[in-house]
There are 2 protein chains.
Amino acid sequence: MKPSVVTIEPNGHFCSDCGVRGSAVCSSLDAAELREFEHLGRRVHFSSGETVFSEEDITTSFYNVLDGVMRLYKLLPDGRRQIVGFALPGDFLGMNLSGRHNFSADAIGAVTVCQFAKAPFGRFIEDRPQLLRRINELAIRELSQARDHMVLLGRRSADEKVAAFLLGWRERLLALKGPSDTVPLPMSRQDIADYLGLTIETVSRTFTKLERHGAIEIIHGGISLLDPARVEALAAA
Amino acid sequence: MKPSVVTIEPNGHFCSDCGVRGSAVCSSLDAAELREFEHLGRRVHFSSGETVFSEEDITTSFYNVLDGVMRLYKLLPDGRRQIVGFALPGDFLGMNLSGRHNFSADAIGAVTVCQFAKAPFGRFIEDRPQLLRRINELAIRELSQARDHMVLLGRRSADEKVAAFLLGWRERLLALKGPSDTVPLPMSRQDIADYLGLTIETVSRTFTKLERHGAIEIIHGGISLLDPARVEALAAA
DNA sequence: GGCCAAAATTGATCTGGGTCAATCGCATTT
DNA sequence: AAATGCGATTGACCCAGATCAATTTTGGCC
């Protein structure tokens, strides 16, 4: 998907009533700082499938996800793809040492981000260690998730991968949408396969198997967890 | 391997002539800060196979690797192991949000670390944003490595995994020991297998295959890269 | 040097998940 | 409502890498 026209809201928003105020990178700022911060970011909308940034791009901006879901992925030269994560509201993207994004990110469905130009954002952090500390926390949390995912990719069976994915995804949505056994899956089967190191066919077959066993029900745009305990047992935590 | 008696040097060292002074977390400190910092850490030695900390342990210390190699790993309840990384001199271990180490670490061969009690170290960081920034850099670098490793685990063949491992390991040693086509491999075949998401047999066979093709020579305690270009081609970067 | 245990290699066989190939089920478009 | 087209499902078959099973090599240690 090539980037197309995006909608930019010139400045009709306030950080103070932003949906991710409490959980995002900006949760470390007080009211006074927030008013200054407000001028650094601009809301940008992306529609389904649009690429927000690419692996080889030079980093000119950081992004704070406000709404929607993004897939973060790396490609091998021959086209094989590994999705390294899904970004949700509150996630902060763009930190790197090389000066280039080291993965690509595109929108799954409509996405709104808060975009910060790199230089001014860097200057703003400079004398605000609280913000740096918050960014560090987010990085450490991601690192922990990354290590968990390595275990999944390297050492789990297809059944375990799929079961762990469903539970993990539900867990992430819990913080955003509250508890529910109905788990929306906005990403495609191909996305799930590329996240789990499987093929689309294996994901599909595993879903069907879980449904036949009464553990889940496949519904439009997601699944329903009929027997969470059984799925947890399969995930073999 | 169970922890046994470790040797602690009461205080016969100086940060200023520490081997990792330039690359580790302490590279962000000036000479004055360094003298204060010196009192926070103590050198601790571990012998081959000893566990430095375990996954479920409550974090009471941070560690700066000074010498030697460590394996960092997570275990599944049934004993399957995934090595999430190897730590080398200059690496900083122990950061987490949960208050517990989320992986285990043990010594491969003799290891020396600089150990910091969590609370005093935290206090020392408090008013030194440079140090925090350095820690953040290290975390971001690790995150990038973690994502690369996810691609390897999820989307590469056994041959590609082994070839990429040999090149990646050589690359890491380059910064420490200078360039060389002789690559020491202090870790066991089992460690390599658990790092690459393979079995020990597959690692062994792949080494043998690479040797038969004249790409490498298996030597005592490591390999020699006879044909780096060919290995790079196999790694399919 | 000789003995023992652990690590590594090699071979034979098996299988989980990949590959290839239809088919199905929708949502759009005409 | 027929045509289109894409994502998802299902089936048949295959193969890379796992498993099982011997050796062989290496490294202490008396």
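The model shown is predicted, which means the values in this text are computed figures rather than measured ones. Naming convention: chains lettered A, B, ... in sequence-line order (proteins, then strands); numbering from 1 in each chain.
If you measure from atom CZ of B/R80 to atom P of D/dT19, you get 10 Å, rounded to the nearest angstrom. Whole-Å rounding puts the B/I200 CD1 to C/dG11 C1' distance at 16 Å. One atom, CG of B/L198, and another, P of C/dG17, lie 15 Å apart when rounded to the nearest Å. If you take NZ of B/K209 and C1' of C/dG11, they are 16 Å apart, rounded to a whole angstrom. The interatomic distance linking B/D194 (CG) with D/dG17 (C1') rounds to 15 Å, in whole Å. Nucleotide C/dT19 holds its C1' atom 13 Å from the CD atom of A/Q190, rounded to whole Å. For B/L210 and C/dT10, the CG to C1' distance is 16 Å, given to the nearest whole Å. When the C1' atom of C/dG17 is taken as reference, atom CD1 of A/I192 falls 17 Å away, rounded to whole Å.
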Inset, instruction - Give the C-alpha distance, both sets of side-chain angles, the deciding distance and a yes or no for side-chain contact (heavy atoms from CB on, under 4.5 Å) between B/V162 and B/T202. - result: CA-CA 10 Å; B/V162 171; B/T202 299; over 6 Å; no

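The base of C/dT10 has none of its N or O atoms less than 3.5 Å from a complementary donor or acceptor on the side chain of B/R212. Put simply, the side chain of B/R189 and the base of D/dT25 share no donor and acceptor less than 3.5 Å apart. Residue A/R205 places no side-chain atom within donor-acceptor reach of the base of C/dG16, judged by atom type and a 3.5 Å distance cut-off alone.
One finds the CG atom of A/L66 at 6.5 Å from the OG1 atom of A/T112 (value rounded to the nearest 0.5 Å).
Base engagement by B/S204 is indicated by at least one non-hydrogen atom pair under 4.0 Å involving a base atom. Counting non-hydrogen atoms under 4.0 angstrom, B/S188 reaches the backbone sugars and phosphates but no base.
Considering A/F53, A/F86, A/Y73 in turn, A/F53 is the only one that fulfils the ring-ring contact (aromatic ring centres under 6.0 Å, His included) rule with A/F103. Test A/T59, A/N64, A/T60 against A/F62 for side chain to side chain contact (heavy atoms under 4.5 Å, CB included) and you get one pass: A/T59.
One finds a side-chain N or O of A/T199 lying less than 4.0 angstrom from the OP1 or OP2 phosphate oxygen of C/dG18.
Comparing A/I218 and A/R155, the nucleotide of DNA chain D nearest to each residue sits closer to the 5' end for A/I218. Nearest-nucleotide positions on DNA chain C for A/H220 and A/E201 put A/E201 closer to the 5' end. Between B/T202 and B/G221, the residue anchored nearer the 5' end of DNA chain D, judged by the nucleotide with its closest heavy atom, is B/T202.
The pair B/R71-B/D194 does not count as a salt bridge, with every side-chain nitrogen at least 4.0 angstrom from each carboxylate oxygen.
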